[in-house]
Peer 1: 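Structure in structure tokens, see below.
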Protein chains: 2
Amino acid sequence: MRNKEKTYNEIVQTAYVMFSEKGFDQTSLSSIASEIGISKPAIYYYFKSKDELIKYLFDKIVQEIQSLTSVELETITTTNFKQNLYQLGEAAISHQEKDVHFNHLFNQYMLLASRDTYYSERLLKIQQDFLNTFYDLLTYAVKINAIKDENILIKSQLLALVFDNITNFILTDMKLDYKKIWIEAVDSVLSGVEHHEQ
Amino acid sequence: MRNKEKTYNEIVQTAYVMFSEKGFDQTSLSSIASEIGISKPAIYYYFKSKDELIKYLFDKIVQEIQSLTSVELETITTTNFKQNLYQLGEAAISHQEKDVHFNHLFNQYMLLASRDTYYSERLLKIQQDFLNTFYDLLTYAVKINAIKDENILIKSQLLALVFDNITNFILTDMKLDYKKIWIEAVDSVLSGVEHHEQ
DNA sequence: GTCTATATGCGGATAGAC
DNA sequence: GTCTATCCGCATATAGAC
């Protein structure tokens with residue numbers, strides 16, 4: 001009972017790392033097994049096929065993304081709105097630095113999506129949610145009078161694109177000051193619509 | 001002689017499409033051969049291995065990128081500077097819509113880069129060139145007095161990130177108004193540094 | 001639950017005929 | 001140049017013992 005759960009977790013964790021580093025096709029179940037120190041058929045006790053293991057990890061990643069990009073609108077005020085946006089970016093950048101495998105794996109699922117509707121349907125929904133997060137945030141900011149209601153849709157999409165590609169660029173080993181870029185993005189996009197009390 | 005060149009081009013073209021659609025590992029040389037209507041060993045007459053074919057296509061893509069992101073600074077003036085930036089984005093969006101395989105394939109090379117220095121070294125250079133294009137453009141704009149010299153480095157990187165991710169998002173089938181997003185990006189980023197003659 | 005042994009198939013690559 | 005035939009290795013997956 002104890003061991004069963006332990007082996008299961010080891011398979012999931014090892015697959016997560018190896019798939020992200022070598023890719024699905026270049027990572028055989030044998031190599032995962034030997035990395036853990038078990039035999040290949042042992043994996044089949046927990047997952048009925050390689051594809052099922054790949055799909056299982058996909059579900060885990062989907063959950064992770066949803067929790068990462070969610071925002072509690074109720075906590076937003078006129079004064080802390082901009083800070084909240086800054087922090088959203090910083091949190092994503094920190095997460096990316098902590099878990100380098102995350103985006104690598106995610107990018108592989110993006111490629112799978114182009115030839116498997118199982119993934120494309122779910123990813124489209126995630127991406128829509130992701131865009132909506134920014135749109136809802138700006139809409140809420142309008143509602144509480146933090147910003148003016150000008151071009152909010154496009155501005156939210158622009159912020160989402162920057163946010164998303166920052167995490168991608170981190171993978172490429174380009175050493176840029178991503179936090180500064182994100183701050184510049186927020187400042188630039190909002191500069192035209194901020195209310196200036198004077 | 002005639003046929004030799006024809007077969008060669010068919011291999012390159014078919015591989016380009018199939019690799020982008022199915023991925024390198026999921027596209028066997030046999031499947032490429034049968035798609036063309038030749039036998040597998042015929043491919044080996046032109047390319048000594050599958051890896052060599054993959055690398056050959058990489059070189060083609062690298063050339064394409066370099067020509068796409070190059071800008072003739074000499075033609076830039078104070079009045080047409082912003083228009084030039086707009087057009088840079090429009091050209092990329094149009095190109096992406098014409099050749100959907102291009103970015104799919106490029107993304108696969110990005111993944112290869114994480115486990116093969118042959119690709120990572122070259123891609124790092126491309127990405128650096130890409131960032132420099134935007135930096136040079138803004139620097140030149142400062143020189144000809146089109147914009148003020150404030151935070152130019154970060155602003156150029158921000159524009160590059162948006163530019164790059166627009167082409168990625170087009171692949172995901174999200175139907176956004178990418179041209180508007182790009183215009184908003186240019187306007188937002190430059191709004192703080194433009195010279196307003198009045 | 002985890003093992004050894006094995007079935008089965010497909011991949012890259014080459015030999016050698018035409 | 002392009003073919004048929006073939007080698008070799010490794011992949012997924014399963015049977016069946018412990």
Side-chain angles (χ1 to χ4, degrees), chain A residues 1-59 104-105 108-109 111-112 114-116 118-119, chain B residues 1-59 104-105 108-109 111-112 114-116 118-119:
Chain A
M1 267 306 166
R2 213 81 287 278
N3 281 340
K4 178 172 177 176
E5 199 168 317
K6 191 188 168 206
T7 304
Y8 181 79
N9 288 333
E10 279 178 338
I11 292 171
V12 170
Q13 274 307 310
T14 308
Y16 183 84
V17 172
M18 292 185 74
F19 281 152
S20 91
E21 286 176 348
K22 302 243 186 193
F24 297 127
D25 294 310
Q26 295 291 333
T27 306
S28 66
L29 293 183
S30 334
S31 67
I32 294 174
S34 76
E35 177 76 20
I36 303 173
I38 59 175
S39 70
K40 180 168 59 173
I43 297 179
Y44 282 91
Y45 175 79
Y46 296 95
F47 297 93
K48 80 170 203 287
S49 70
K50 186 179 182 179
D51 277 349
E52 204 188 61
L53 174 56
I54 291 174
K55 282 185 181 169
Y56 174 81
L57 288 174
F58 179 66
D59 290 338
H104 263 136
L105 247 191
Q108 293 187 49
Y109 285 113
L111 286 175
L112 270 190
S114 68
R115 46 187 193 267
D116 188 331
Y118 178 88
Y119 295 104
Chain B
M1 266 308 166
R2 209 91 277 285
N3 282 339
K4 177 172 177 174
E5 199 169 317
K6 191 187 168 207
T7 304
Y8 181 79
N9 288 333
E10 279 179 338
I11 292 171
V12 170
Q13 274 306 310
T14 307
Y16 183 83
V17 172
M18 291 185 74
F19 280 151
S20 92
E21 285 176 349
K22 303 242 186 194
F24 298 126
D25 294 311
Q26 294 292 332
T27 306
S28 65
L29 292 183
S30 331
S31 68
I32 293 174
S34 77
E35 178 77 19
I36 303 173
I38 59 176
S39 69
K40 180 167 62 171
I43 297 178
Y44 281 92
Y45 175 78
Y46 297 95
F47 297 94
K48 81 170 201 287
S49 70
K50 186 180 182 180
D51 277 350
E52 204 188 62
L53 174 56
I54 292 174
K55 282 185 180 170
Y56 174 80
L57 288 174
F58 179 66
D59 290 338
H104 263 135
L105 205 46
Q108 294 188 48
Y109 285 113
L111 286 175
L112 270 191
S114 68
R115 46 188 192 266
D116 187 331
Y118 178 87
Y119 295 104

Peer 1: Within this structure, what is the CD-to-C1' distance between A/E5 and C/dG1, rounded to whole angstrom?
Peer 2: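 In whole Å, C/dG1 C1' and A/E5 CD are 14 Å from each other.
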Peer 1: Looking at B/F24, I'd like to know if the NZ or CZ of B/K50 sits under 6.0 Å from its six-membered ring centre while staying within 45 degrees of the ring's axis.
Peer 2: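 No, cation not above the ring by the 6.0 Å, 45° rule.
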Peer 1: Got B/F47 and B/Y8 here, is their nearest side-chain heavy-atom distance under 4.5 Å?
Peer 2: yes
Peer 1: In whole Å, what is the span from the CD1 atom of A/I11 to the C1' atom of C/dG1?
Peer 2: 11 Å
Peer 1: Where the side chain of B/Y46 is defined as all heavy atoms beyond and including C-beta, which of C/dC3, C/dG11, D/dT2 is the nearest nucleotide?
Peer 2: D/dT2
Peer 1: Check the phosphate of C/dG1 against A/T7, side-chain N and O only, distance under 4.0 Å to OP1 or OP2. Yes or no?
Peer 2: no
Peer 1: May I have the distance from B/K50 (atom NZ) to C/dT14 (atom C1'), rounded to whole angstrom?
Peer 2: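 In whole Å, C/dT14 C1' lies 17 Å from B/K50 NZ.
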Peer 1: Please state how far atom CZ in A/F19 lies from atom P in D/dA11, giving the value in whole angstrom units.
Peer 2: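 Answer to the nearest Å: 12 Å.
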Peer 1: For A/L29 and D/dC10, what is the distance between atoms CG and P respectively, to the nearest whole Å?
Peer 2: 16 Å
Peer 1: Flag the pair B/K40 / B/Y44 as yes when at least one side-chain heavy-atom distance between them is below 4.5 Å, and no otherwise.
Peer 2: yes
Peer 1: Between C/dT2, D/dC3, C/dT14, which nucleotide gets closest to the side-chain atoms of B/Y44?
Peer 2: C/dT14
Peer 1: Would you kindly give the CD1-to-P distance between A/I38 and C/dT4, to the nearest whole Å?
Peer 2: 12 Å
Peer 1: Just the rounded figure in Å: distance from P of C/dC10 to CG of B/D25.
Peer 2: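 One finds 17 Å between P of C/dC10 and CG of B/D25, rounded.
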Peer 1: Could you tell me if the ring centre of B/F19 sits under 6.0 Å from that of B/F58?
Peer 2: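 No.
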Peer 1: How long is the line joining CG of B/D51 and P of C/dG11, in whole Å?
Peer 2: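 Those two atoms, CG and P, are 16 Å apart.
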Peer 1: Heavy atoms under 4.0 Å, any strand shown: does A/S28 hit a base, just sugar-phosphate, or nothing?
Peer 2: sugar-phosphate
Peer 1: Measure from the side chain of A/P41, starting at C-beta and using heavy atoms only, and say which of C/dG12, C/dT14, D/dT14 lies closest.
Peer 2: D/dT14
Peer 1: Compare side-chain N and O positions of B/Y45 against OP1 and OP2 of D/dT2 and report whether any pair is under 4.0 Å apart.
Peer 2: no
Peer 1: Are B/S31 and B/M18 side-chain neighbours, meaning at least one heavy-atom pair lies under 4.5 Å?
Peer 2: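 Result yes, sub-4.5 Å side-chain heavy-atom pair found.
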